[in-house]
Structure formats: C-alpha cells, structure tokens
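Okay, so here's the structure we're looking at.
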Amino acid sequence: MHIHGGDIYTYQGMLDFSANINPLGLPPAVVRAAAEGAAQAAAYPDTQCRDLRQALAEAEGPGWLQPANIICGNGAADLIFMLALASKPRRALLLAPSFHEYEQALRSVGCQIDYHYLKEAEGFRLYIDRLLAQMQAEKPDVLFICNPNNPTGLALPRPALEPLAEHCRQTNILLVLDECFNEFLDEPQEYTLKPLLPDNPQLFILKAFTKLYAMPGLRLGFGLCTNAALLTKMEACAQPWRVSTPAQLAGLAALREEAYVLQAQALIRQERAFLSAELAKLGLVVYGSMANYIFFRAPQAPKLAEACRTQQPGVLIRDCSNYVGLEAGYFRVAVRTRPENEQLLKALRQALPGGLTK
C-alpha cells in the first residue's frame with residue numbers, strides 16, 4: 001500500500017510519468033539557493049523558519065495571513081503525520097480513491113477510518129450532499145479532502161465546498177484540505193478555501209513546494225491554519241530541525257519565480273488537453289482531470305504499467321490498483337512536455353493489446 005510514483009531508483013533510465021512534478025524542472029535560481037543553503041549547513045537550520053514563513057504569509061494571504069498562521073514541514077507528508085499525532089482523532093472520514101498517506105498517518109495513531117467511495121459510474125465525482133449525509137451519520141473527528149483529488153484530478157470550486165467547511169466549523173470537525181495541486185488548475189483562486197481561514201478554526205489547508213516547483217528531493221511543505229492551539233500541538237510533537245537550511249532558502253527563492261509558475265500553468269493547460277484527447281483515441285477511459293496528471297482506465301490491459309516499462313525507452317506510469325476503491329486496470333500519468341508526451345503515447349501504443357496496430 002506504500003508504493004508511490006517516482007521510483008527511478010528501481011527503474012533507472014526510464015522516462016517518469018508516474019510522479020506529478022512540474023515538467024519544467026527546478027528553476028535555476030532555486031538550485032542556486034539550495035546550494036547556498038548547503039554551504040551554510042555547518043549550522044543548525046532555523047527551527048522556526050522565520051524568513052520563509054514571513055514570505056509565505058505575503059505570498060499566500062497578503063494583508064491578513066500572519067506567519068503565526070503557517071507551519072512548515074519536511075514535505076506535505078510530514079505535516080499529515082504531525083496533524084494525526086497532534087489531534088489524535090478517534091474517527092476519520094476519507095475519500096476513496098484518494099492519497100494514501102492520510103490513511104497511513106491516521107492508522108499510526110489508532111484512528112478508525114471510514115470511507116466515502118467515489119463511483120466510477122459517476123466519473124469519480126464528489127457530491128457534497130452525499131458526503132454531508134455520511135458525516136452526519138458517522139460523526140467523524142477529522143475529514144481529509146484532496147482538491148484536486150489524487151489520483152482523479154477532479155476539483156470542486158469554493159462555493160461547492162463552503163457548506164462542507166461550515167458544517168465542520170459548526171460541529172468541531174477538523175477539515176484538512178489538501179491543495180498541493182491547486183496551482184495547476186486553470187483558475188486556482190476559484191478553488192482554494194484560503195478566504196475562509198480567518199473565520200474557521202476547524203480548517204487546515206495543506207500545501208507544498210514539491211509539485212509546483214519540481215523540488216520533491218528537497219522536502220518542503222507547509223500548512224495554513226488560524227487555530228493557534230492546533231498549531232501549538234503540532235509543533236510540540238514534531239522534531240525541531242525538520243526543515244533544512246537548503247530547503248528553506250530554496251523555498252524563499254521559489255516564491256519569487258512568478259514567471260516560471262505562469263509558464264508552467266500555460267504548458268500544463270495545453271498539454272493536458274492534448275494528452276487527454278490522445279489517450280482517449282487509444283481506447284482508454286479518461287476521467288477529465290483538471291490537474292497536471294490524467295487518470296484513466298485500461299480495461300483491456302490491467303498490466304499496462306509493467307508493459308510500458310519493457311518498451312524502448314522504458315516509461316513509468318502509476319499503477320493505481322493499490323488505491324482504496326480501485327482495482328487492476330486504473331492508471332495515472334503526469335502531464336509533461338510535448339516531446340515527452342509523444343514518447344509516452346508511443347510506449348502506450350506498443351504496450352496496449354494489438355501493439356502498433358492499435
């Protein structure tokens with residue numbers, strides 16, 4: 001259950017479509033900043049991430065968000081485990097399919113987990129009225145929502161999510177909203193719940209530098225929350241030097257890369273449309289992702305990921321059969337550059353039943 005994308009160490013020399021990383025790669029200024037941080041590694045990093053949290057406050061909520069509302073961690077996964085340990089929920093509700101680390105973190109503290117299953121017949125869309133009905137019946141302590149969802153790539157705009165956030169506020173349910181892929185949406189500002197943070201202490205928004213700035217190896221995530229008591233508990237159960245100096249300086253440099261972000265968004269918008277259409281032409285069932293990855297089903301090829309690895313060159317795609325609520329035959333691919341996407345399509349044509357005649 002702990003298999004992820006991005007295993008380039010087992011499968012060396014292959015083109016990686018299994019991890020949803022910005023295809024533009026690390027910005028050169030971020031590389032230089034990380035190198036500068038490495039040169040300062042003889043000293044312990046700032047345990048409070050002062051400069052980074054100040055910069056994040058100005059970037060994420062200028063005029064109202066304060067550094068005290070921000071907590072940084074060794075990637076988003078670190079913050080998920082910190083949340084579980086700090087809140088120690090008795091019962092949690094998770095979407096299925098969705099990101100596995102929520103379950104892993106919750107089980108580590110003995111939490112009972114219930115699932116809200118998304119239906120293939122409905123394109124794996126989330127219907128808030130059904131979710132609210134289940135919450136009222138089961139009364140969870142915490143709810144995790146990934147928006148856009150991973151692996152489906154589908155997202156709900158803020159007006160659709162507001163009733164859910166209000167229900168959580170009124171019933172003291174911790175709503176953890178994972179917005180790590182938000183910036184890859186066509187209109188990110190229309191899908192974030194950041195405007196609700198000042199009036200909702202039960203809302204925790206999870207974000208990371210990992211995907212947008214192509215820096216998963218540096219490990220840098222952060223959370224936004226106005227619940228001071230929760231943030232204090234998270235700090236109390238976390239290791240003090242969890243964010244390295246190279247990661248902090250890289251984060252500061254990344255926040256200045258506005259042109260890079262706009263270029264990436266334009267590339268993803270164009271290539272997502274192209275790749276989705278081409279995958280459908282291959283007879284694959286494509287589920288209309290809005291993010292920088294595409295979720296599809298290949299009912300005729302349940303071992304498609306294995307077959308893609310045997311092509312020349314080999315290509316890694318994400319086998320999604322280990323997600324709760326899915327089975328063999330579901331896959332996810334990242335959206336990359338046109339030449340890379342063409343290589344993926346070539347590998348798929350060869351790997352699918354019928355080979356190049358498909």
Side-chain angles (χ1 to χ4, degrees), residues 5-6 15-24 95 97-99 118-126 146-157 160 179-188 190-191 211-212 214 261-302 304-305 307-308 311 315-321 323 325-354 356 358:
L15 181 59
D16 187 14
F17 276 82
S18 67
N20 310 318
I21 307 301
N22 190 328
L24 295 181
L95 301 186
S98 195
F99 191 52
L118 305 175
K119 300 178 180 181
E120 193 276 340
E122 298 174 340
F124 295 99
R125 297 179 185 86
L126 172 61
C146 192
N147 195 50
N149 192 27
N150 179 6
T152 66
L154 300 178
L156 287 177
E179 294 189 357
C180 286
F181 292 102
N182 171 267
E183 278 81 9
F184 291 109
L185 298 170
D186 288 348
E187 296 180 285
E190 300 300 321
Y191 292 83
K211 315 295 184 181
L212 182 61
V261 171
L262 292 175
Q263 182 184 357
Q265 290 171 333
L267 172 65
I268 295 300
R269 185 180 305 113
Q270 173 181 301
E271 292 303 310
R272 181 177 58 229
F274 165 76
L275 193 53
S276 295
E278 293 300 313
L279 291 172
K281 289 178 184 178
L282 293 178
L284 303 170
V285 182
V286 181
Y287 292 101
S289 171
M290 303 161 66
N292 63 320
Y293 47 90
I294 298 171
F295 180 57
F296 65 89
R297 182 165 60 91
Q300 75 277 40
L304 183 60
C308 283
Q311 304 305 313
V315 173
L316 297 179
I317 68 174
R318 177 67 158 91
D319 183 340
C320 295
S321 61
Y323 279 84
L326 296 180
E327 57 188 17
Y330 289 94
F331 303 93
R332 188 196 68 202
V333 292
V335 176
R336 300 193 61 82
T337 64
R338 179 61 60 89
E340 291 171 317
N341 293 336
E342 293 281 10
Q343 283 187 267
L344 168 66
L345 292 167
K346 179 181 178 181
L348 288 171
R349 292 187 188 104
Q350 294 173 331
L352 285 166
L356 289 173
K358 179 67 179 175

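Just so it is clear, the values below take in all heavy atoms, side chains as well, and ignore hydrogens, waters and symmetry mates.
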Spell out, as yes or no, whether a donor-acceptor pair under 3.5 Å connects the side chain of [X] to the backbone of [Y].
X    : Y    : value
N182 : P188 : yes
N22  : L212 : yes
R272 : I294 : no
N149 : L154 : no

Quick one: pull up OG in S98 and CG in L326 and give me the separation to the nearest 0.5 Å.
-> 10.5 Å
Going from CG on L275 to CG on L345, what distance comes out if it is rounded to the nearest 0.5 angstrom?
-> 5.5 Å
Answer with yes or no whether the side chains of R332 and N150 bring together a donor and an acceptor at under 3.5 Å.
-> yes
Contacts of type side chain to side chain contact (heavy atoms under 4.5 Å, CB included), residue T337, not counting sequence neighbours = P23, L267, P339, E340
[X] vs [Y] side-chain heavy atoms within contact, under 4.5 Å:
X    : Y    : answer
D16  : R318 : no
L344 : R336 : no
Q343 : F17  : no

Minimum-distance pair of heavy atoms, taken over all atoms of [X] and [Y]:
X    : Y    : answer
A305 : D319 : CB-CB, 4.0 Å
A298 : F331 : CB-CE1, 4.0 Å
P97  : T152 : CG-CG2, 4.3 Å
S276 : V286 : O-CG2, 3.9 Å
N147 : L156 : OD1-N, 2.8 Å

Residues that E183 engages under side-chain hydrogen bond (donor to acceptor under 3.5 Å, both in side chains), provided they are two or more places apart = K207
Any chance you could lay out the side-chain contact (heavy atoms from CB on, under 4.5 Å) test for R338 and Q270, step after step, and finish with the verdict?
-> CA-CA 9 Å; R338 179 61 60 89; Q270 173 181 301; 4.0 Å; yes
I would like to know whether L279 and L348 meet side-chain contact (heavy atoms from CB on, under 4.5 Å); could you show each step before the answer?
-> CA-CA 9 Å; L279 291 172; L348 288 171; 3.4 Å; yes
Evaluate the ring planes of Y330 and F295, with Trp represented by its six-membered ring, and classify them as parallel (under 30°), tilted (30 to 60°) or perpendicular (over 60°).
-> parallel
